[in-house]
Amino acid sequence: MAAMAIGVRPSDGQTLWSPDAAHGAGPGAAASSTRDTMAYGERSRFVTAKRARMAMIGNMDMHRDPNGWDARTPLDQMLGIITPSALHYVSSHGNPPPDIDPREHRLIIYGMVDRPLVLSLDELMRLPSVSRIHFIECIYNSPSPRGKTLEQNHGMISCSEWTGVPLSVLLDEVGVKRGASWLLAEGADATKHAKSIPMAKALSDVLVAYGQNGEPVRPHQGYPLRLVVPGFEGKFHVKWLKGIKVVNEPYLTYWEQSAFVRDPKTAGSYYMEQGPKSVVTFPSAGQRLTSRGFYTINGLAWSGGGTVRRVEVSVDGGRTWKDAHLPEPALRIALTRFQLPWTWDGKETVIQSRCTDDTGAVQPTFADHAAFWGISKAPHGNAIQPWKITNDGQVLNAL
Amino acid sequence: MRSETLAVTFVLACSAVVAAQPPPTSKYRLGRTPTPAELSPRDAHVPPSGDGLPTGSGTAKRGEIVYQTRGCGSCHGPTGEEGPGPVLVGSLRRRAPSGHGDHAAENHWPGRGVKNFPFASILWSWINVGMPLHQQGYLTPDEVYSLTAYLLHRNGIIKEDEVMDAESLVKVQMPKRADYVPPPFADWKPGLRGR
């Protein structure tokens with residue numbers, strides 16, 4: 001919608017999230033709806049941003065439930081740092097959300113603890129809680145030369161305000177035994193997603209979240225409980241959380257079988273934190289500039305390592321870089337906006353952005369990132385994303 | 001001066017004791033003690049050490065029967081090589097007909113594929129908690145041991161008559177075991193990203 005407001009019309013690329021009967025109502029349907037929009041509000045019928053559902057691939061072919069499909073956030077239509085819960089990206093390994101009755105749900109904290117504990121949701125909500133704004137990004141959210149739109153290359157990141165109990169409070173309650181060095185966070189989905197988390201991270205800033213953007217966590221995001229592991233790969237943020245097992249070894253569950261295996265070809269295989277990253281969301285692939293003249297370049301930056309300290313933007317194919325303005329708020333491990341005023345002269349050019357976080361880490365080029373990992377399609381795809389603007393205003397992926 | 005030092009030492013000693021031995025009762029006194037069944041759930045994940053493996057056993061021969069009779073082939077193909085679901089046996093570079101071939105993409109992801117699992121516990125645990133899809137809990141521990149033995153045998157890792165149980169499973173030498181690098185993250189601290 002931001003793009004529309006400043007005179008840009010979507011090009012063919014945006015048909016990815018064009019209305020389809022199975023996935024929400026178009027403008028006409030909204031007008032004839034008899035739903036009580038005073039009880040639970042609706043967006044304007046002219047607002048149509050949708051998640052782009054991803055093709056079923058490989059081992060997910062076995063999952064026939066359309067609610068088990070993965071989906072990407074339409075980043076170019078986001079108007080701030082918070083992703084509406086209904087547009088939060090989804091990656092659930094093909095599993096639809098389990099239908100969990102909150103009155104029946106229990107969280108068990110067990111393993112190497114003095115006092116194993118079972119908590120109901122009501123009991124958990126009686127404990128002191130915090131609200132923090134953090135992004136969650138899928139480890140596969142990597143720019144690729146094949147991507148035709150912003151969403152295809154970057155749509156598996158979203159940012160929410162998460163409300164819940166610090167995991168450290170719960171670990172204090174049960175008393176962690178000496179020698180415990182890891183946790184296994186266990187989900188209640190069909191294939192029991194579980195992830196090993198180092199104890200030091202668990203004690204620092206991890207949340208057991210029941211709130212997302214002021215509401216209960218959405219079913220696709222883990223209702224009623226989701227672990228939020230700020231800055232770590234998306235798969236650490238275990239949804240439908242039912243167990244915290246305190247242990248002394250990483251478990252190497254199915255979804256982390258390769259997490260600790262070093263490929264001789266690559267320098268490192270097992271970072272957990274997402275690196276510094278940024279992307280220009282306007283103008284971006286799939287959009288079109290309708291005339292030469294003034295535009296505000298908009299984008300989003302983030303880092304799993306901390307706060308975004310600086311974003312530089314180049315509008316001349318990387319020859320020169322200018323510091324972008326970072327509109328507040330610039331929060332730790334949260335999406336952070338950046339802007340740069342720009343006058344397009346109508347000539348072909350390449351625009352791109354580069355993020356530096358407060359640890360001093362700098363977003364790498366696509367070539368540097370590929371060289372470091374040994375393969376171009378590597379996880380933690382935090383490479384710089386160049387967009388090419390043709391002399392007729394089309395914006396294309398320049399990788 | 002000396003008494004100050006003693007006092008500081010005393011305080012330090014107390015805080016060390018507190019850190020090592022948390023109070024036996026919790027601060028908020030909410031919740032309840034888990035039942036034995038909750039402490040040892042049927043769908044527990046099993047780590048490389050084998051902690052939590054149940055009693056039971058199986059062989060590849062029995063596993064082949066389980067594979068045929070429990071419907072594994074409806075997703076993975078009659079012999080585990082055909083798909084359309086993940087390929088369980090055979091060339092690791094081969095892609096599943098449906099495209100992605102999660103288990104097969106050795107060239108992309110070290111560690112993927114039954115043959116590439118660094119520990120046999122991963123195979124046992126995944127069959128136990130995840131299979132058959134949407135019918136989890138349908139297989140008995142003997143059947144899970146048997147299927148594990150069958151797939152390890154079909155991938156050339158164990159002999160056909162080797163018995164898999166809680167003791168033997170953790171001793172299986174997986175071909176890619178040497179590629180496993182114990183993670184340096186037990187003492188993870190913010191900013192630890194490698195390079």
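The basis for the numbers below is simple: all heavy atoms, side chains too, and nothing from hydrogens, waters or symmetry mates. Order of the sequence lines fixes the chain letters, A, B, ..., with proteins taken first and strands second; residue numbering starts at 1 for each chain.
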Student: Between His45(B) (side chain only) and Lys192(A) (backbone N and O only), is there a donor and an acceptor less than 3.5 Å apart?
Tutor: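 At least one qualifying donor-acceptor pair exists.
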Student: Kindly indicate whether the side chain of Leu39(B), heavy atoms from C-beta on, has any atom under 4.5 Å from the side chain of Pro116(A).
Tutor: yes
Student: With chain A as the partner, which of Pro41(B), Ala44(B), Gly31(B) has the greatest number of non-hydrogen pairs under 4.5 Å?
Tutor: Gly31(B)
Student: Is it the case that atom CD in Glu167(B) sees more than 12 heavy atoms from other parts of the structure closer than 6.0 Å?
Tutor: no
Student: Decide yes or no for Thr253(A) and Ile122(B): does some side-chain heavy atom of the first lie under 4.5 Å from some side-chain heavy atom of the second?
Tutor: no
Student: Is the number of heavy atoms from other residues, nucleotides or ligands under 6.0 Å of Asp161(B) CG greater than 12?
Tutor: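 Enclosed.
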Student: Evaluate salt bridge (Lys or Arg N to Asp or Glu O under 4.0 Å) for Asp43(B) paired with Lys242(A), printing each intermediate quantity in order.
Tutor: CA-CA 12 Å; Asp43(B) 59 358; Lys242(A) 66 167 187 171; 3.0 Å; yes
Student: Under 4.5 Å heavy-atom distance to chain B, tell me which part of Val169(A) shows up: side chain, backbone, both or neither.
Tutor: side chain
Student: Using the six-membered ring wherever Trp is involved, compare the ring planes of Trp126(B) and Tyr254(A) and label them parallel, tilted or perpendicular (cut-offs 30° and 60°).
Tutor: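 Answer is parallel, since the angle falls under 30°.
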Student: Compile the donor-acceptor pairs under 3.5 Å between side chains in residues 119-126 of chain A and protein atoms, sequence neighbours left out, one pair per line.
Tutor:
residue	atom	partner	partner atom	Å
Ser120(A)	OG	Glu123(A)	N	3.1
Ser120(A)	OG	Glu123(A)	OE1	3.3
Glu123(A)	OE1	Ser120(A)	N	2.8

Student: Check each atom of Ser49(B) against the heavy atoms of chain A and say whether the ones under 4.5 Å are side chain, backbone, both or neither.
Tutor: both
Student: What's the spacing between Leu117(A) CG and Leu30(B) CG if we round to 0.5 Å?
Tutor: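 It is 8.0 Å, given to the nearest 0.5 Å.
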Student: Give, as side chain, backbone, both or neither, the part of Phe119(B) having an atom under 4.5 angstrom from any heavy atom of chain A.
Tutor: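 Side chain of Phe119(B) only, per the 4.5 Å heavy-atom cut-off to chain A.
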Student: Which heavy atom in Leu252(A) sits nearest to a heavy atom in Pro48(B), and how many Å separate them?
Tutor: CD1-CG, 4.2 Å
Student: For Ile108(A), does its backbone N or O pair with a side-chain atom of Glu38(B) as donor and acceptor, under 3.5 Å?
Tutor: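 Not at all, since once roles are kept as given, no pair shorter than 3.5 Å links the two residues.
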Student: Quick check for you: among Lys27(B), Arg32(B), Arg29(B), which has the greatest number of heavy-atom pairs under 4.5 Å with chain A?
Tutor: Arg32(B)
Student: Do Asp172(A) and Tyr28(B) come within less than 4.5 Å of each other through their side chains, counting heavy atoms only?
Tutor: no
Student: Verify, without hydrogens or angle tests, whether Glu249(A) (side chain) and Pro47(B) (backbone) share a donor-acceptor contact under 3.5 angstrom.
Tutor: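 Side chain of Glu249(A) to backbone of Pro47(B), a donor-acceptor pair under 3.5 Å: no, none is there.
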